[in-house]
Number of protein chains: 2
Amino acid sequence: MLPSTPQGWNAQGWNAYAGTCPTRMVLDRIADKWAVLVLGLLGDGPVRFNQLRRRIEGISQKMLSQTLKSLERDGLVSRRAIPTVPVTVEYSITPLGETLSATVDGLRIWAETHMEQVLKSQQQYDAAAA
Amino acid sequence: MLPSTPQGWNAQGWNAYAGTCPTRMVLDRIADKWAVLVLGLLGDGPVRFNQLRRRIEGISQKMLSQTLKSLERDGLVSRRAIPTVPVTVEYSITPLGETLSATVDGLRIWAETHMEQVLKSQQQYDAAAA
DNA sequence: CAGAATCCAGCTCGATACTG
DNA sequence: CAGTATCGAGCTGGATTCTG
């Protein structure tokens with residue numbers, strides 16, 4: 001995002017710069033719920049592929065594989081293949097990944113703090129509509 | 001999210017509680033790029049429907065309408081219809097919406113700070129693959 | 001001006017099956 | 001164990017058309 005308004009939004013340039021707009025980029029990344037989950041779990045320490053698969057109940061191997069690959073590409077997660085038989089692969093969060101994880105925590109705190117208000121608002125809205 | 005790990009992730013319970021998990025909920029909301037854009041723009045002050053439409057270049061009226069409706073339902077944005085002819089509708093951010101907007105700023109800052117590293121990592125990854 | 005309704009192309013994602 | 005490949009259902013979101 002090049003020139004910014006006080007809020008940091010540049011509505012005119014947004015689409016043109018979408019590919020390089022940092023906000024848009026990070027949004028695309030954390031919009032991926034699996035990525036956020038993986039990042040959160042790896043915060044506890046290195047985990048293997050099928051361990052992740054079991055701990056993130058509901059994820060398909062396709063999505064886990066895909067998620068890990070793009071997290072690795074972004075430098076947020078690192079992959080280490082240990083030449084055992086059969087092979088063992090260990091994923092860990094990188095220092096960069098930890099900084100993102102820490103930032104995302106702000107959102108979780110917002111959610112925990114304000115969820116009740118949001119839920120209440122939704123109920124009122126729905127009640128009014130009926 | 002009920003019992004939390006130090007990182008705040010409860011992998012086991014995630015899917016079961018997905019409907020009420022605060023993290024998941026806020027993620028679903030900010031995962032919507034249009035919602036984030038609208039929230040950002042409304043931070044500058046009240047804006048009318050077609051003004052938003054023009055300033056967020058690339059959004060369809062369908063998505064804008066949809067986005068505004070769910071933001072209003074969540075209590076993040078308020079709608080005021082002014083009985084002129086033709087009718088004028090003014091959207092503004094609520095105090096609650098401002099708190100979310102402020103939190104999302106943390107992400108924008110992370111992105112601005114670390115985007116270069118991420119881009120570099122991607123290039124290295126792609127180069128290594130080729 | 002501010003939307004609602006419809007139609008449909010494209011992409012996501014899960015299920016399944018196979019490999020080193 | 002740690003993936004890749006393929007197929008198809010389903011949802012997302014744009015274009016278009018119409019209304020109060």
Side-chain angles (χ1 to χ4, degrees), chain A residues 11 14-16 18-19 24 27-38 41-42 46-73 77-92 125-126 128-130, chain B residues 14-16 18-19 24 27-38 41-42 45-73 77-92 125-126 128-130:
Chain A
W14 185 275
N15 289 285
R24 176 63 186 284
L27 228 46
D28 281 350
R29 169 116 324 295
I30 70 150
D32 181 350
K33 71 175 174 187
W34 299 128
V36 175
L37 267 174
V38 167
L41 273 176
L42 291 184
V47 188
R48 287 181 296 102
F49 188 86
N50 279 338
Q51 273 179 352
L52 278 171
R53 196 152 126 60
R54 276 188 294 273
R55 294 187 60 187
I56 308 181
E57 205 178 341
I59 196 171
S60 61
Q61 64 288 58
K62 179 185 180 180
M63 289 318 294
L64 181 54
S65 171
Q66 214 168 90
T67 300
L68 286 169
K69 208 179 292 179
S70 68
L71 284 175
E72 193 196 354
R73 189 173 105 100
V77 154
S78 69
R79 188 192 120 115
R80 189 166 73 100
I82 306 160
T84 52
V85 184
V87 68
T88 301
V89 179
E90 194 180 85
Y91 291 93
S92 10
Y125 185 95
D126 294 345
Chain B
W14 185 277
N15 288 285
R24 177 63 187 284
L27 228 45
D28 282 349
R29 170 117 321 296
I30 71 149
D32 181 351
K33 71 175 173 187
W34 300 128
V36 175
L37 268 174
V38 166
L41 273 176
L42 291 184
V47 188
R48 285 182 296 104
F49 188 86
N50 280 337
Q51 274 181 353
L52 279 171
R53 196 152 125 61
R54 275 187 298 272
R55 296 187 60 184
I56 308 179
E57 205 178 339
I59 195 171
S60 62
Q61 62 290 55
K62 179 184 179 179
M63 289 318 292
L64 180 54
S65 170
Q66 211 169 93
T67 300
L68 286 168
K69 207 179 293 179
S70 70
L71 284 175
E72 193 196 352
R73 190 172 105 97
V77 154
S78 68
R79 187 192 121 114
R80 189 167 72 99
I82 306 162
T84 53
V85 184
V87 68
T88 301
V89 180
E90 195 180 83
Y91 290 92
S92 10
Y125 185 95
D126 294 344

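The structure displayed is predicted, hence computed values, not measured ones. Just so we're on the same page: letters track the sequence lines, and every chain starts at 1.
Residue D32(A) contributes atom CG, which lies 16 Å from atom C1' of dT12(D) at whole-angstrom precision. Between the CD1 atom of I82(B) and the P atom of dA2(C) there is a distance of 9 Å, given to the nearest Å. As rounded to whole Å, 13 Å separates atom P of dA2(C) from atom CZ of R80(B). In this structure, CZ of F49(B) is placed 14 Å from C1' of dT19(D), rounded to the nearest angstrom. Summarising the geometry, the separation between CD on Q66(A) and P on dT12(C) is reported as 8 Å, rounded to the nearest angstrom. Atom P of nucleotide dC1(D) and atom CG of N50(A) are separated by 5 Å, given to the nearest angstrom. Regarding L68(B), its CG atom lies at a distance of 11 Å from the P atom of dA2(C), rounded to whole Å. Regarding D28(A), its CG atom lies at a distance of 16 Å from the P atom of dT12(D), rounded to whole Å.
Counting only heavy atoms from C-beta outward, the side chains of L68(A) and R79(A) never approach each other to under 4.5 Å.
Classification of R73(B) and D126(A) as a salt-bridged pair holds, one side-chain N sitting under 4.0 Å from a carboxylate O.
Considering every non-hydrogen atom in both Y125(A) and K69(B), the closest pair reads OH-CG, 3.2 Å. Residue V47(A) comes nearest to R55(A) through the heavy atom pair CG2-NH1, 4.4 Å, listed as atom of the first residue, atom of the second, then distance. Residues E90(A) and I82(A) come closest through the heavy atom pair OE2-CD1, 4.2 Å.
The shortest distance between the side-chain N/O atoms of S65(B) and the OP1/OP2 oxygens of dA4(C) is below 4.0 Å. Applying the 4.0 Å criterion to OP1 and OP2 of dG3(C), one finds that Y91(B) has a side-chain N or O inside that range.
No engagement by R53(B) is indicated, since no non-hydrogen atom pair under 4.0 Å with the nucleic acid exists.
Separating the CG atom in L27(B) from the NZ atom in K33(A) is a distance of 10.0 Å, to the nearest 0.5 Å. Between the CZ atom of R54(B) and the CZ atom of F49(B) there is a distance of 11.0 Å, given to the nearest 0.5 Å.
One end of the helix from dC1(C)-dG20(D) to dG20(C)-dC1(D) points its axis 40° away from the other end's axis, with each axis taken from 5 pairs and the angle rounded to 10°.
Of the listed residues (I59(B), L42(B), L37(B)), just one forms a side chain to side chain contact (heavy atoms under 4.5 Å, CB included) with L52(B), and that residue is L42(B).
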For every nucleotide of nucleotides 14-20 of chain C, 5' to 3': is a protein heavy atom under 4.0 Å from its base (B), only from its sugar-phosphate (S), or from neither (-)?
B-BB---
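Looking at residues two or more places apart in sequence or on another chain, you find a side chain to side chain contact (heavy atoms under 4.5 Å, CB included) between T67(A) and D32(A), W34(A), A35(A), V38(A), L71(A).
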